[in-house]
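Notes follow once the structure below has been shown.
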Number of protein chains: 2
Amino acid sequence: MSDAGRGASSRRDPSGRRRAIVEAAAGLIAGEGVSGLTHRKVAAAADVPLGSTTYYFTDLADLVQAALEHIAALSRQGLDEMARDLRQATDLAAALAELTTAYLAAPQRHRTQDELYLAASHRPELRPAARLWFDGLTDLLAPRTGHATAQAIAAFIDGVLLHALIHDQPLDTATLTTALSALIGTGDHAPR
Amino acid sequence: MSDAGRGASSRRDPSGRRRAIVEAAAGLIAGEGVSGLTHRKVAAAADVPLGSTTYYFTDLADLVQAALEHIAALSRQGLDEMARDLRQATDLAAALAELTTAYLAAPQRHRTQDELYLAASHRPELRPAARLWFDGLTDLLAPRTGHATAQAIAAFIDGVLLHALIHDQPLDTATLTTALSALIGTGDHAPR
DNA sequence: TTTGTACATGTACAAACGTACACGAAAGGT
DNA sequence: ACCTTTCGTGTACGTTTGTACATGTACAAA
């Protein structure tokens with residue numbers, strides 16, 4: 001009854017251990033923000049001893065960076081799913097509106113993304129990770145709308161997600177569809 | 001040579017003192033984020049003794065709240081200027097694009113606003129202050145575009161400002177104008 | 001002048017923090 | 001069997017933190 005269940009990965013598993021810590025940190029960021037992160041809280045959440053967090057990461061800043069990059073990787077992953085859904089959609093505006101509404105239902109997701117945006121605005125080394133979502137979304141849309149329009153749409157969607165952070169009632173699908181089809185209408189529709 | 005220059009307001013000026021502290025805190029938030037705030041840093045920035053910050057504010061949370069509400073008040077003030085410029089504009093899209101570009105030049109402004117958004121998403125009591133900017137912008141546009149379109153435009157602008165936080169090259173005025181006029185085109189143009 | 005009240009501040013303290021590091025345990029080569 | 005290297009952890013230390021509070025100071029009323 002001494003070495004009871006350690007959370008994510010048992011001992012002697014370097015990479016798995018590291019990942020467990022990163023995931024716990026990411027979860028903690030979703031819950032109480034980057035500023036709430038401490039070595040001790042992360043260690044407790046990952047169910048590893050305090051020493052582990054300093055063993056795998058030179059710094060707390062290093063840990064935070066790893067956690068935020070993990071979050072960025074998750075958003076990239078969400079982007080891939082988005083790409084699949086969008087590829088077989090005839091009505092781009094409606095499909096995008098639908099997907100955005102789906103995203104609105106998961107506030108933690110864009111709260112952490114926003115946390116990443118803010119952290120990156122202070123620390124330039126985080127910018128590549130922070131750009132992953134926006135640029136990925138842009139690249140995904142650009143073939144069908146042209147680059148400039150794709151950027152505008154991405155900005156609009158990010159704005160909508162931001163809006164949802166502080167309003168009980170997010171923008172409804174109808175409004176989204178109207179706005180998105182208006183934006184899409186401006187595209188050249190033939191990239192080059 | 002004992003009581004040399006105190007920063008914002010000399011002693012025995014309760015409301016002025018409080019304001020000096022709040023302003024120093026707001027400046028500090030712009031510089032290093034809400035998480036960087038400590039009683040000591042604020043006191044040093046406002047050039048007041050440590051005791052003052054605990055005298056005027058029961059809590060550090062209380063101080064943060066006051067600072068964020070000050071920031072919200074500033075954004076409201078910027079909104080009033082915006083309203084003046086917009087009232088006498090014939091081409092709404094172009095005028096809005098121009099104003100947005102002007103805002104892009106002052107990153108600190110929307111960085112703090114974003115800081116407020118994020119803080120409000122964690123602490124509901126900050127939501128009214130956080131909504132000031134978005135809802136104010138919406139109310140400002142609604143008479144000319146209808147409510148739904150106004151919301152869409154506000155979301156778009158917030159998204160553009162967010163984008164600028166992590167990209168060296170913000171969206172250019174031409175792109176903004178195109179997108180904005182497309183969005184405006186969807187409005188009923190006669191609010192009931 | 002005395003007294004009362006609001007304003008103001010320096011200091012002190014317990015808690016929480018990041019981090020270093022000595023030490024132990026496991027694994028692999030010989 | 002032994003040794004070497006990597007992996008892992010508990011503990012301890014110096015700092016910074018939020019906050020309390022005893023003490024003082026200015027001003028108005030009496």
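Excluded from the calculations below are hydrogen atoms, water molecules and symmetry mates; all remaining heavy atoms, backbone and side chain alike, are included. Each chain gets a letter, A, B and so on, in the order its sequence line appears, and its residues count up from 1.
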Quiz item: Any idea which of C/dC21, C/dT9, D/dT19 is nearest the B/Arg17 side chain?
Solution: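 Side chain of B/Arg17 sits closest to C/dT9.
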Self-check item: Residue B/Leu50, side-chain heavy atoms: nucleotide from D/dA12, D/dG8, C/dA12 that is nearest
Solution: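 The answer is C/dA12, which lies nearest to the side chain.
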Quiz prompt | Minimal non-hydrogen separation, B/Leu132 against B/Leu79, with atom names | solution =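 The pair with the smallest heavy-atom distance is O-CD2, 4.0 Å.
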Exercise. Looking only at non-hydrogen atoms, find the nearest pair between B/Thr90 and B/Arg144 and report the distance.
Key: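 Closest heavy-atom pair between B/Thr90 and B/Arg144: O-NH2, 4.2 Å.
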Rounded distance (Å) that lies between atom [atom2] of [N] and atom [atom1] of [X]:
{"X": "B/Leu60", "N": "D/dT16", "atom1": "CG", "atom2": "P", "value": "17 Å"}
{"X": "A/Arg18", "N": "D/dG8", "atom1": "CZ", "atom2": "C1'", "value": "15 Å"}
{"X": "A/Leu28", "N": "C/dC17", "atom1": "CG", "atom2": "P", "value": "11 Å"}
{"X": "A/Asp62", "N": "C/dG18", "atom1": "CG", "atom2": "P", "value": "14 Å"}

Quiz item: So, is A/Tyr55 near the phosphate of D/dT9, with a side-chain N or O under 4.0 Å from OP1 or OP2?
Solution: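 No, because none of the side-chain N or O atoms of A/Tyr55 sits under 4.0 Å from OP1 or OP2 of D/dT9.
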Quiz item: Does a nitrogen or oxygen in the side chain of B/Ser52 sit under 4.0 Å from OP1 or OP2 of C/dT9?
Solution: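 The answer is yes; a side-chain N or O of B/Ser52 sits under 4.0 Å from OP1 or OP2.
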Self-check item: Residues that A/Arg109 engages under salt bridge (Lys or Arg N to Asp or Glu O under 4.0 Å), provided they are two or more places apart
Solution: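 Checked A/Arg109 against salt bridge (Lys or Arg N to Asp or Glu O under 4.0 Å); zero matches.
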Quiz prompt | From CZ (A/Phe156) to CG (A/Leu161), nearest 0.5 Å | solution =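 If I round to the nearest 0.5 Å, the distance is 10.0 Å.
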Self-check item: Qualifying residues under side-chain contact (heavy atoms from CB on, under 4.5 Å), relative to A/Ala61, sequence neighbours excluded
Solution: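 Counting only residues at least two positions away or on another chain, A/Ala61 forms a side-chain contact (heavy atoms from CB on, under 4.5 Å) with A/Asp59, A/Arg123.
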Which atom pairs, one a donor and one an acceptor, fall under 3.5 Å between side chains of residues 98-108 of chain A and the rest of the protein, sequence neighbours left out?
from	atom 1	to	atom 2	distance (Å)
A/Thr100	OG1	A/Leu96	O	2.8
A/Thr101	OG1	A/Ala97	O	2.9
A/Thr101	OG1	A/Thr173	OG1	3.1

Quiz item: How would you list all residue pairs meeting side chain to side chain donor-acceptor pair (under 3.5 Å) that involve residues 69-82 of chain B, not counting sequence neighbours?
Solution: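 For residues 69-82 of chain B, and leaving out neighbouring residues, the side chain to side chain donor-acceptor pair (under 3.5 Å) pairs sorted by first residue read B/Gln65-B/Glu69.
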Self-check item: Ring centroid separation A/His163 to B/Tyr117 under 6.0 Å
Solution: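 Centroid distance A/His163-B/Tyr117: not below 6.0 Å, so no.
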Quiz item: Looking at residues 36-43 of chain A, who's got a heavy atom less than 4.0 Å off DNA chain C?
Solution: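 Of all residues in residues 36-43 of chain A, the ones placing a heavy atom under 4.0 Å from DNA chain C are A/Leu37, A/Thr38, A/His39, A/Arg40.
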Quiz item: Pairs counted as Watson-Crick or G-U wobble with both distances under 3.5 Å: what dot-bracket string results for DNA chain D, using | for bases tied to another strand?
Solution: .|||||||||||||||||||||||||||||
